[in-house]
Amino acid sequence: MQENIVPVLIVGGGPVGLALAGDLGWRGIRCLLIEQTDGSIYQPRMDLVGVRTMEFCRRWGLVATVESSPYPRDYAQDNIYLTSLTGYELGRERFPGIGQAPPPPQSPQRRERCPQNMFDPILGGFAAAQNSVTLRYRTRLVSFAPNADAVVAEVESAETGARERISARYIVGCDGARSLVRETLGIRMRGNPVLTYTTNVIFRCPQLLSLHDKGKAYRHIFIGPEGTWSTIVAINGGDQWRFSIIGGAAQHEYTTEEIKAAIRRAVGCDFDFEILSVLPWVRRELVADTYRFGRGFIAGDAAHAMSPTGGFGMNTGIGDAVDLSWKLAATLEGWGGDGLLDSYTAERQPVGARNVAEASGNLRRMLSVGAHPDIADDTPAGAATRAKVGREFSEMMRHEWFTLGIHLGYRYEGSPICWPDGTEPPADEARTYLSTARPGHRAPHAWLADGRSTLDLFGRGFVLLGFGVTPAGAAPLLEAARDRRVPIEFAGIDEPHIVALYQRTFVLVRPDGHVAWRGDRMPDDPLHLIDVVRGAAIACKMG
Ligand SMILES: Cc1cc2nc3c(=O)[nH]c(=O)nc-3n(C[C@H](O)[C@H](O)[C@H](O)COP(=O)(O)OP(=O)(O)OC[C@H]3O[C@@H](n4cnc5c(N)ncnc54)[C@H](O)[C@@H]3O)c2cc1C
């Protein structure tokens, strides 16, 4: 058996593993990613790339590639609630095509619609372009032993069946909901293992839009006499549609005839279509107890399994990857302290729990309509039911459609590597996001005079922002960082609107773009502050 040695072994080449490999490579860290399949997507799951993920894509230089992916950018993104496509419309939330919607004022980026069969190859291309990254498809993790000084993994090639041993300093399981890495590390998931047994079907029907009068929309939610029962999503904005029978807590295997009948029921007429794939799956509400055990880590669906209602799963997982990546890099480069890798769980596990709960709340809201036997009746009573259900459902579903707070408002409250400034946290609401440079939060976006975003300053190492001061005024902290070999740059900013937004004379931003510390003067003990933010000391009271 051959033996191979790498600093980081990533298991799983879904979006989260690819993002982690790409970000590590972007930081110059050598890593090997193994993926058991050939990388082709049997059935695209995610399609919403959230604002924060797009900010990471901006950092990685991928925005133009995402924007030029084949999903049509003028395809209306309405969400419609209806009895069937040819039946009654109960309500509608209108959204323009992705390319026609401006970014929110709090970000340089807008959210994008880029289904997994388009997005994974973009992340894969980014990872493959990094010199220090090796991607090996059709290679499966068979087992591994997390020893004290290394991880020794056994992997198997699907081409030849040959087995090989790989030694790594760290292993990261981005291997999805049934993660072998998580299982081997003995990490438990808590929550609800079954919300629904759902069946997704991709079908091809180029003429679907001509069969009804509802026009283009992204998502159709079907409400029948029994309540909400299925959805159809415009998965490629062209000829393919994803039909989803939401199901319930009891498992049911549908025959092809049952699936065809259900699709015809949702459309409301007999018509021709081709079923491309059927994917029964289990909707879960689970979060791992810890995201780390020794030299092993988990990220993405391996760490949290949530209902897709809201489109948070991959976006949360890419947030995990970005948080873990710089910490692994810092540790491997020798400037990360002993506590840095532990802060990964402290920071990301609460975000996972928050987003899992929010996704389940969205599901509950969608299913809360209940039975209305007359909803499709052509009678005054039926019309009254439709008006009431439509009004109430439309209002309630706004909670799922407007989620800037989820994507940008997560914060690392109580993180051992952020220095709190004693201010109260703003409310953590799904819908609204208040830009703040409070420690633990994402450093806010503002446009600089030269046309860049403040976010364009962050990413490689730490950045010390100085508002109305020169680098000389920031020397104590810059010198302390250099003393500890922490990569740091100074950026002076004078624009009044950014000074007002950041609220302090000095703001220290980490490589992932989160605020580590802020203050109006240099700290009394700059070395201690630097030790805290690199995970080498616990914060003690300091000026
Ligand atoms: C219908 C639906 C719609 C969704 N829509 C959205 C959305 O719009 N936005 C969003 O953010 N999220 C969405 N999600 C969730 C999203 O798809 C997942 O959160 C995301 O795919 C998780 O990525 P991952 O890389 O963690 O795991 P996965 O995508 O599951 O990838 C894990 C990879 O690990 C590989 N692997 C597993 N075991 C091994 C092994 N032993 N050796 C080697 N390789 C292994 C697998 O082959 C797989 O490729 C949706 C989910 C569903 C079901």
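We count ligands from 1, going down the list as the structure has it; atoms in each ligand are counted the same way.
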key: salt bridge (charged side-chain N to carboxylate O under 4.0 Å, His left out) assessment of Arg94 paired with Asp78   = CA-CA 4 Å; Arg94 290 186 188 278; Asp78 295 8; 3.6 Å; yes
Students should be able to answer this: which protein heavy-atom is nearest to [atom], and at what distance?
atom                    : value
atom 27 (O) of ligand 1 : Gly176 CA, 3.8 Å
atom 50 (C) of ligand 1 : Pro308 CB, 3.8 Å
atom 41 (N) of ligand 1 : Leu141 O, 3.2 Å
atom 31 (O) of ligand 1 : Gly14 CA, 3.5 Å
atom 1 (C) of ligand 1  : Asn200 ND2, 3.2 Å
atom 5 (N) of ligand 1  : Met46 CA, 3.2 Å
atom 39 (C) of ligand 1 : Gln36 OE1, 3.5 Å
atom 38 (N) of ligand 1 : Asp175 CB, 3.6 Å

message = So that I know where these two stand, are Phe95 and Phe402 an aromatic pair - ring centroids less than 6.0 Å apart?
response = yes
query = Are His514 and Tyr410 an aromatic pair by the rule of ring centers under 6.0 Å?
reply = yes
Polar-atom distance check: [X] versus ligand 1, any N or O pair below 3.5 Å?
X      : result
Gly311 : yes
Val11  : no
Arg140 : no
Met314 : yes

query = So which bit of Thr37 gets within less than 4.0 Å of ligand 1, heavy atoms only: side chain, backbone, both or neither?
reply = side chain
Using 4.0 Å as the upper bound for N to carboxylate O, is an ion pair formed by [Y] and [X]?
X      : Y      : result
Glu358 : Arg365 : yes
Glu112 : Arg73  : yes
Arg182 : Asp301 : no
Arg58  : Glu55  : no
Arg265 : Glu226 : yes
Arg110 : Glu67  : yes

task = Can you tell me which residue pairs pass the salt bridge (charged side-chain N to carboxylate O under 4.0 Å, His left out) test with a partner in residues 229-248, sequence neighbours excluded?
result = Arg204-Asp239
Heavy atoms only: which of [options] lies closest to [atom]?
atom                    : options                       : result
atom 9 (N) of ligand 1  : Ile34, Asp320, Leu48          : Leu48
atom 18 (C) of ligand 1 : Asp301, Val142, Val16, Ile298 : Asp301
atom 21 (O) of ligand 1 : Arg242, Arg45, Glu35          : Arg45
atom 32 (C) of ligand 1 : Cys174, Gly12, Ser307, Ser244 : Cys174

note = The atoms of ligand 1 lying under 4.0 Å from a heavy atom of Thr139, numbered in the order shown, are 43 (C)
ask   = If you count the atoms of ligand 1 from 1 in the order shown, which ones are under 4.0 Å from a heavy atom of Gly300?
value = 26 (O)
inquiry  = Return the CD1 to CG distance between Ile98 and Asp74, rounded to the nearest 0.5 Å.
reply    = 11.5 Å
request  = Only counting residues at least two apart or in another chain, list the ones meeting side chain to side chain contact (heavy atoms under 4.5 Å, CB included) with Ile275.
outcome  = Val201, Thr256, Ile259, Lys260, Phe273, Val278
inquiry  = So is Thr53 touching ligand 1 or not, going by heavy atoms under 4.0 Å?
reply    = no
